[in-house]
Student: 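To start, I am sharing the structure in question, which I have written as structure tokens.
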Amino acid sequence: MKLTRHENNPIVVPGGAEWRRAAVFNPGVVEADGKYYMYERAAGSLRPFRTSIGLLESEDGVNFRPVADEPVFTADMLGFPGGSVEDARVVRIDGTYYMCYALQPYRFDCWPTGTGLPAYYPDNYPEWRENGVEPMITRSGIAASEDGIRFTPLCYTTPAEIDDRDNALFPEKIGGRFALLRRPMQYVGEKYGTNTPGIWISYSDDLFEWTEPELVAVAENPEWEGTKIGAAATPVKTDRGWLVLYHGVDAHSVYRVGALLLDLDDPSRVIARIRDPIMEPETYYERFGLVLPNVVFPTANVMVDGLLYIYYGCCDASIGLATVPLYELLDALTGGEDRA
Ligand code: BMA
């Protein structure tokens with residue numbers, strides 16, 4: 001099983017409008033009425049490092065052009081001027097676009113430290129402490145739109161005091177309820193049945209009230225996913241189960257991509273999982289970025305003529321596309337260890 005990197009990679013790069021001048025990465029993508037809409041996470045500078053969500057469109061899922069002069073979603077719209085909205089994972093359910101986003105409420109600075117790892121530095125921005133927020137804590141929520149262009153904040157999916165990102169809504173209700181993958185960082189220790197942050201699931205009737213998270217999957221292969229794992233993109237419904245790509249982080253902060261299958265009716269149940277990463281940083285744009293090196297971070301996948309198109313952030317700097325025939329990925333999954 002082999003993913004193919006697109007020859008135009010990276011397919012989307014920073015430039016143009018001031019707010020996307022420094023970096024574009026970790027995009028949501030949906031296909032609607034024959035067009036592909038991409039929701040990029042965009043930064044205008046590293047100091048401060050502040051990201052908003054910009055919109056691009058494409059006829060073929062490869063060549064994207066900006067749609068709007070301004071971002072379509074910002075932290076200002078949530079009442080946090082200067083904060084960041086990040087890592088949009090977008091689905092369309094019954095004609096409405098739902099964007100799961102991560103929110104960091106205030107600005108921070110970001111620079112390379114010379115050791116390969118960046119410093120994320122909030123101390124120049126006293127609002128973090130004045131407002132009693134633990135620096136760098138992330139809250140997640142959902143914004144909604146009827147046309148895919150104008151988004152308005154709908155709800156928070158996670159409590160303010162928990163660091164919880166990598167939220168991904170399933171593209172349809174399951175057993176009559178919305179279902180959401182998430183990654184509560186503090187859910188570790190004996191009480192939670194895991195020593196490292198993992199993938200959890202919650203359900204909701206109305207998107208506003210969510211059930212207590214149930215554990216779905218944790219790191220099993222310490223050499224590449226030992227630090228933490230999190231859902232990558234919107235789960236894909238297949239006849240063998242829900243296909244979920246996820247990212248795994250190793251002890252040196254290298255981000256790789258894993259794959260697992262969840263039961264169609266009970267998506268808290270993992271029925272298959274591939275032991276090795278299906279993708280890891282290899283090319284120059286995946287190994288060298290503005291700050292953190294060695295990151296492939298998928299946040300979207302769509303089906304195009306039997307191929308799974310996987311859109312991913314490259315080192316928090318640009319956007320790549322990799323493809324794989326869906327059946328090849330499913331064969332790799334179900335031919336592996338059976339966890340049913
Ligand atoms: C994660 C998130 C992502 C980011 C990745 C690599 O923790 O912040 O948004 O792409 O780190 O820096």
Side-chain angles (χ1 to χ4, degrees), residues 10 12 14 20 22-28 39-43 46 48-54 73 75 83-90 99-113 115-122 134-141 158 162-168 181-186 188 196-199 219 224-233 245-258 277 279-281 285-300 310-320:
V12 178
R20 70 187 299 283
V24 295
F25 54 113
N26 301 2
Y39 302 89
E40 62 179 8
R41 175 177 171 192
L46 293 183
F49 190 64
R50 198 166 65 195
T51 63
S52 50
I53 306 297
F73 194 60
S84 287
V85 279
E86 311 174 348
D87 304 357
R89 293 164 170 102
V90 185
M99 176 193 290
C100 294
Y101 63 83
L103 165 71
Q104 291 195 302
Y106 309 114
R107 298 177 295 172
F108 54 91
D109 291 338
C110 174
W111 60 69
T113 56
T115 60
L117 295 178
Y120 297 110
Y121 191 72
E134 183 65 32
M136 312 315 286
I137 202 170
T138 297
R139 190 174 193 189
S140 291
T158 72
I162 300 273
D163 188 313
D164 195 329
R165 53 194 301 138
D166 302 324
N167 277 211
L181 297 176
R182 56 195 290 188
R183 212 274 306 286
M185 282 294 274
Q186 287 99 323
V188 287
T196 52
I199 301 172
W224 68 272
E225 59 179 12
T227 304
K228 58 187 178 185
I229 63 171
L245 303 185
Y246 67 95
H247 63 260
V249 187
D250 76 8
H252 306 285
S253 293
V254 177
Y255 282 70
R256 297 180 176 81
V257 185
M279 189 180 187
E280 57 185 349
Y285 51 86
E286 296 163 356
R287 298 185 63 190
F288 306 102
L290 293 174
V291 281
L292 187 63
N294 298 312
V295 177
V296 284
F297 196 89
T299 34
I310 300 169
Y311 298 91
Y312 61 101
C314 309
C315 296
D316 297 346
S318 63
I319 293 172

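The figures here come from the full heavy-atom set of this structure, side chains too, leaving out hydrogens, waters and symmetry mates. In listed order, ligands and their atoms are each counted from 1. Position 1 is the first residue of the sequence, and the numbers go up from there.
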Student: Would you sort out whether Arg165 and Asp87 count as a salt bridge (Lys or Arg N to Asp or Glu O under 4.0 Å), showing the intermediate values?
Tutor: CA-CA 9 Å; Arg165 53 194 301 138; Asp87 304 357; 3.1 Å; yes

Student: Where is the nearest protein heavy atom to atom 9 (O) of ligand 1: which residue, which atom, and how far?
Tutor: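 Sorting protein heavy atoms by distance from atom 9 (O) of ligand 1 puts Asp87 OD2, 2.6 Å first.
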
Student: Just wondering, do Met279 and Pro277 contact through their side chains at under 4.5 Å, heavy atoms?
Tutor: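 No, every pair of side-chain atoms sits at 4.5 Å or beyond.
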
Student: Should the proximity of Arg41 to ligand 1, defined as any heavy atom under 4.0 Å, be assigned to the side chain, the backbone, both, or neither?
Tutor: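 Within the 4.0 Å criterion, Arg41 contacts ligand 1 through side-chain atoms alone.
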
Student: Who's the nearest protein heavy-atom neighbour of atom 8 (O) of ligand 1, and how far?
Tutor: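 Going by distance alone, atom 8 (O) of ligand 1 is nearest to Arg165 NH2, 3.4 Å.
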
Student: Short list, please: which atoms of ligand 1 are under 4.0 Å from a heavy atom of Leu292?
Tutor: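 Those atoms are 6 (C), 12 (O).
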
Student: Below 4.0 angstrom, N of the basic side chain to O of the carboxylate: do Arg256 and Asp250 qualify?
Tutor: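 Counted as a salt bridge, because a side-chain N and a carboxylate O are separated by less than 4.0 Å.
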
Student: Does a salt bridge link Arg89 with Asp166, judged by any charged N lying under 4.0 Å from a carboxylate O?
Tutor: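 Salt bridge present between Arg89 and Asp166.
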
Student: Compute the minimum heavy-atom distance from His247 to ligand 1 and say whether it is under 4.0 Å.
Tutor: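 Per 4.0 Å heavy-atom rule, His247 does not contact ligand 1.
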
Student: Any idea which of Tyr120, Phe25, Tyr255 brings a heavy atom closest to atom 1 (C) of ligand 1?
Tutor: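 Result: the heavy atom closest to atom 1 (C) of ligand 1 is in Tyr255.
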
Student: Check Leu292 against Tyr255 and note the closest heavy-atom contact, atom names and distance.
Tutor: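 It is CD2-CE1, 4.0 Å.
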
Student: Can you tell me the protein heavy atom closest to atom 12 (O) of ligand 1 and the distance?
Tutor: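 Residue, atom and distance for the closest contact: Asp316 OD2, 2.6 Å.
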
Student: Are the ring centres of Tyr121 and Trp111 closer than 6.0 Å?
Tutor: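 Yes, the ring centres sit under 6.0 Å apart.
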
